[in-house]
Amino acid sequence: MFQSKEQFKLIFLQKLQMMYGKRFEDTTVSEQYHALGQLVREQISAQWIETNEKHRTCKRKQVYYLSIEFLLGRMLGNNLLNLGIRDLCEEALREIGISLVELEECEIDAGLGNGGLGRLAACFLDSLASLNLPGHGCGIRYKHGLFDQKIVNGYQVELPEQWLTHGNVWEVRRADEAVDVKFWGEVEAYRENDHLKFRHIGAETITAVPYDMPIIGYKTSTVNTLRLWNAEAAPYPTHKNVLQYKRETEAVSEFLYPDDTNDEGKILRLKQQYFLVAASLRSIINSYRKQYPDLSTLYQYVAIHINDTHPVLAIPELMRILVDEESIPWDEAWEITTKTISYTNHTTLSEALERWPVPIFKPLLPRIFMIVEEINERFCRELWDIYTGEWDHIERMALISHGVIRMAHLAIVGSHSINGVAKIHTEILKHREMNDFYVLFPNRFNNKTNGITHRRWLLKANPQLSTLITDSIGEKWITEPEELRRLEHFADNYSFKEQLMNVKQKRKEILASRIYNQTGLKIDTQSIFDVQVKRLHAYKRQLLNVLHIMHLYNKLKENPNYDIHPRTFIFGAKASPGYHYAKKIIKLINTVADKVNHDPVISNILKVVFIENYRVSIAEEIIPATDVSIQISTASKEASGTGNMKFMMNGALTLGTLDGANIEIGDAVGKENIYTFGLTSDEVLNYYENGGYRSTDYYHHNKPIQMVVDQLVNGFFPKTGTEFELIYDSLLVQNDEFFVLKDLLAYIPIQQEVGRGYGKKSDWYRKSTLNISKSGYFSSDRTIKEYADGIWGLSKVLVK
Ligand code: 26Q
């Protein structure tokens with residue numbers, strides 16, 4: 001690596017000149033960014049090769065993490081940090097008049113994910129490499145990541161995201177490792193040595209070309225690989241209409257699908273899933289074969305993890321390879337497959353469980369369909385032996401029923417480990433949603449509470465807080481996050497808390513000036529920053545948050561002397577383009593913002609900000625500036641949540657329901673250091689099972705609730721007409737499926753308590769300190785160690 005600032009400057013200026021053929025003074029910031037990126041990539045190439053060599057020859061188990069999403073965000077700052085050269089570069093660049101931060105801001109986020117599931121995959125890659133574990137990601141190189149969001153007149157408008165238009169310095173195209181993936185066509189049976197065999201004929205072939213990205217561990221020599229597949233036309237297409245074939249082929253890796261469970265059955269989405277799986281398995285097996293003679297020992301050296309059911313076709317695809325290509329008998333192939341594959345579930349929402357109609361699936365993937373049918377038949381026969389005569393029971397558990405394939409059932413039957421992502425979520429899976437399977441395979445179910453990489457979300461995103469922490473307890477926490485616990489001793493240290501307060505203040509000012517520059521809105525940095533940023537979903541209940549703001553507005557209108565600490569309510573959220581209800585909520589937030597921010601009296605006390613185009617890089621600015629982290633999903637609905645952990649680690653206090661990982665955050669910090677409220681998950685699930693909730697009761701018996709609900713439709717918001725009828729109806733006509741009105745009743749007083757709590761600064765920062773000190777458990781380093789030990793059987797491989 002670079003020996004000194006002077007050496008770095010020399011190499012950097014040379015690089016810049018070589019790449020752009022200009023004098024340094026004439027280069028743009030974007031060119032400087034690309035030159036620095038290029039330089040970093042060249043610097044790590046030796047370590048990357050070394051890691052690959054080591055993994056190729058070490059005869060140790062490797063894990064491949066298959067995910068339809070990797071929400072990486074920006075890479076430059078993180079890579080510099082992990083290489084341990086960020087400070088050196090920053091100073092050297094400053095000396096030649098360049099701001100590193102400005103360069104970093106040139107980088108467009110790699111937004112190849114919707115939210116939690118995709119970001120989790122990215123955090124896992126960082127932890128795998130930092131822990132020297134041989135673990136690699138397999139995903140799709142979408143040409144367009146999640147759409148860019150514009151807010152026009154309060155409405156969300158989507159634009160295609162364009163992260164690749166200026167090239168991507170972090171990827172290497174490996175054309176020599178391209179593989180074929182087959183769709184359509186027919187299956188032909190034939191005899192070979194008296195065995196019945198099958199081959200796929202008349203198929204349409206797509207070429208999958210890998211683009212590899214280096215995943216650099218924190219101050220280690222390990223550089224793992226994220227392999228993203230690009231769909232391209234086969235070199236010599238035999239297709240009748242070559243242009244059409246080319247267009248259809250490239251469409252496979254063109255767009256990331258937005259998370260929209262209402263919009264099922266899109267054939268392109270299924271194509272993407274099989275494309276990822278078939279290309280990844282081919283490449284995994286190719287590299288396995290370089291070390292080992294046959295596939296009978298595959299599971300001893302390879303673990304394949306599927307991130308939700310999106311890559312579940314890895315199960316029948318592996319069976320196809322073992323049975324059709326390797327001529328391994330079915331039973332042995334099945335044992336190899338189930339011992340190789342493990343599965344994480346990320347949802348209990350039954351409408352979000354993937355199902356594919358047979359009429360879509362079968363023609364696209366004819367051989368895979370036959371294998372799924374065979375798995376189903378054998379499984380149902382086993383069930384028949386156990387539950388003889390119980391047709392309903394068997395039908396409930398079948399993989400194929402009423403003409404649809406249930407992907408979660410395939411995942412459970414075909415893997416040796418099934419995990420949920422927070423304790424309560426795993427319990428709900430075991431005892432409710434997947435109970436039939438838990439009874440049958442109790443040992444397969446386990447919990448792995450999610451985590452986040454504290455290096456991106458604390459060390460990189462919040463250098464001010466990181467410095468304070470390191471000054472207080474040393475820097476061991478960076479590689480051993482549980483060390484943060486030692487901050488406990490500072491909970492009553494006046495000087496520490498004052499510095500913590502100053503750090504928070506500084507970050508609030510940075511965010512406030514960003515908001516001012518982008519929107520012209522002036523926000524009070526002495527106010528409480530109350531933040532809810534996450535995908536927009538009915539179950540996440542941004543609506544509960546807005547109705548509470550409307551309530552505060554009403555209270556202040558009624559009594560301008562109403563005693564309340566000034567607040568800034570900050571939202572960031574993308575709604576799936578076809579999810580009308582979610583889009584109405586965005587319009588409502590912006591409508592309330594308009595009303596509140598333009599009221600001459602109220603706007604001195606309350607402000608509402610909707611931050612456009614929420615994404616990883618914006619999260620890195622918002623989270624460190626947050627006082628109150630809003631985590632108010634309907635209990636039982638949020639599998640885990642990971643934003644909650646990022647806020648906690650940055651010293652925000654959580655205001656949340658007893659849902660997902662909020663419960664474990666509460667257990668870690670103690671109930672004095674978190675604000676919880678609302679229905680419990682048992683109460684919610686009991687209502688769903690037995691009925692008994694009547695939203696109109698809450699409406700009729702509570703004036704403040706009635707008032708805000710009526711304001712949705714009674715002209716309170718000028719010129720909105722019937723705009724919010726959908727929301728109004730969801731609350732009163734559809735009986736408020738997510739218990740917004742009932743929980744609003746509890747939310748109002750707990751928010752008052754938060755306001756009072758914030759007034760007592762010393763106490764508030766005591767709580768804040770304790771939250772940071774207990775956040776080490778929520779590092780993905782801990783999570784990944786649990787996966788490595790408990791599921792994958794993986795151990796460290798040190799690279800020299
Ligand atoms: C499905 C079908 C068609 C198109 C898209 C999709 C799709 C895409 C993405 C369905 C779901 C997702 C993403 C789900 C997700 O992010 N789940 C979250 O996972 C986090 C990590 O475990 C948890 O913390 C969250 O609680 C969970 O909501």
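When a ligand or atom number is given, it counts from 1 through the structure's own listing order. Positions are given from 1 along the sequence. When reading the values below, keep in mind they use all heavy atoms of this one structure, side chains included, and skip hydrogens, waters and symmetry mates.
- At a 3.5 angstrom cut-off on N or O pairs, Y539 counts as close to ligand 1.
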> Between W356 and F361, does a ring-ring contact (aromatic ring centres under 6.0 Å, His included) hold up when you go through it step by step?
Replying inline: CA-CA 7 Å; W356 286 100; F361 193 103; 7.7 Å; no
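- Taking the centre and axis of the six-membered ring of F147, the NZ or CZ atom of K574 falls inside the cone set by 45° and 6.0 Å.
- In this structure a side-chain-to-backbone donor-acceptor pair under 3.5 Å is missing from R444 to S417.
- Considering backbone and side-chain atoms together, N450 places an N or O closer than 3.5 Å to an N or O of ligand 1.
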> Are K423 and E427 close enough, and set up right, to give a salt bridge (Lys or Arg N to Asp or Glu O under 4.0 Å), and what steps lead you there?
Replying inline: CA-CA 6 Å; K423 278 183 192 158; E427 289 307 303; over 6 Å; no
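- Residue-level proximity to ligand 1 for R535 is absent, since no heavy atom of it falls below 4.0 angstrom.
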>> One pair to check against ring-ring contact (aromatic ring centres under 6.0 Å, His included): Y65 and H136. What are the steps and the verdict?
In response: CA-CA 6 Å; Y65 195 85; H136 311 281; over 10 Å; no
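- Ligand 1 is approached by E69 to a heavy-atom distance shorter than 4.0 Å.
- By the side-chain contact (heavy atoms from CB on, under 4.5 Å) test, Y687 pairs with L679, Y693, Y698, F739, K742, sequence neighbours left out.
- With a 6.0 Å cutoff to the six-membered ring centre and a 45° limit on the axis angle, R141 counts as a cation-pi contact of Y211.
- Relative to the ring axis of W457, R455 does not place its NZ or CZ within 45° and under 6.0 Å from the centre.
- The shortest N or O to N or O distance between A639 and ligand 1 is below 3.5 Å.
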>> Would L459 and H454 count as a side chain to side chain contact (heavy atoms under 4.5 Å, CB included) here? Give the steps.
In response: CA-CA 7 Å; L459 184 62; H454 60 289; over 6 Å; no
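- At a heavy-atom distance under 4.0 Å, no atom of K266 approaches ligand 1.
- For N114, the closest heavy-atom approach to ligand 1 falls below 4.0 Å.
- In terms of polar-atom proximity, defined here as any N/O pair under 3.5 Å, S640 does make such a contact with ligand 1.
- Backbone and side-chain nitrogen or oxygen atoms of L117 are examined, and one is located within less than 3.5 angstrom of a nitrogen or oxygen of ligand 1.
- Note on ligand 1: P258 sits in its first shell, one or more heavy atoms being nearer than 4.0 Å.
- Of all the atoms in ligand 1, the ones that sit under 4.0 Å from a non-hydrogen atom of E638 are 25 (C), 26 (O), 27 (C), 28 (O).
- Listed by number with element, the atoms of ligand 1 under 4.0 Å from a non-hydrogen atom of H346 are 19 (O), 21 (C), 22 (O), 27 (C).
- At least one heavy atom of G641 sits less than 4.0 Å from an atom of ligand 1.
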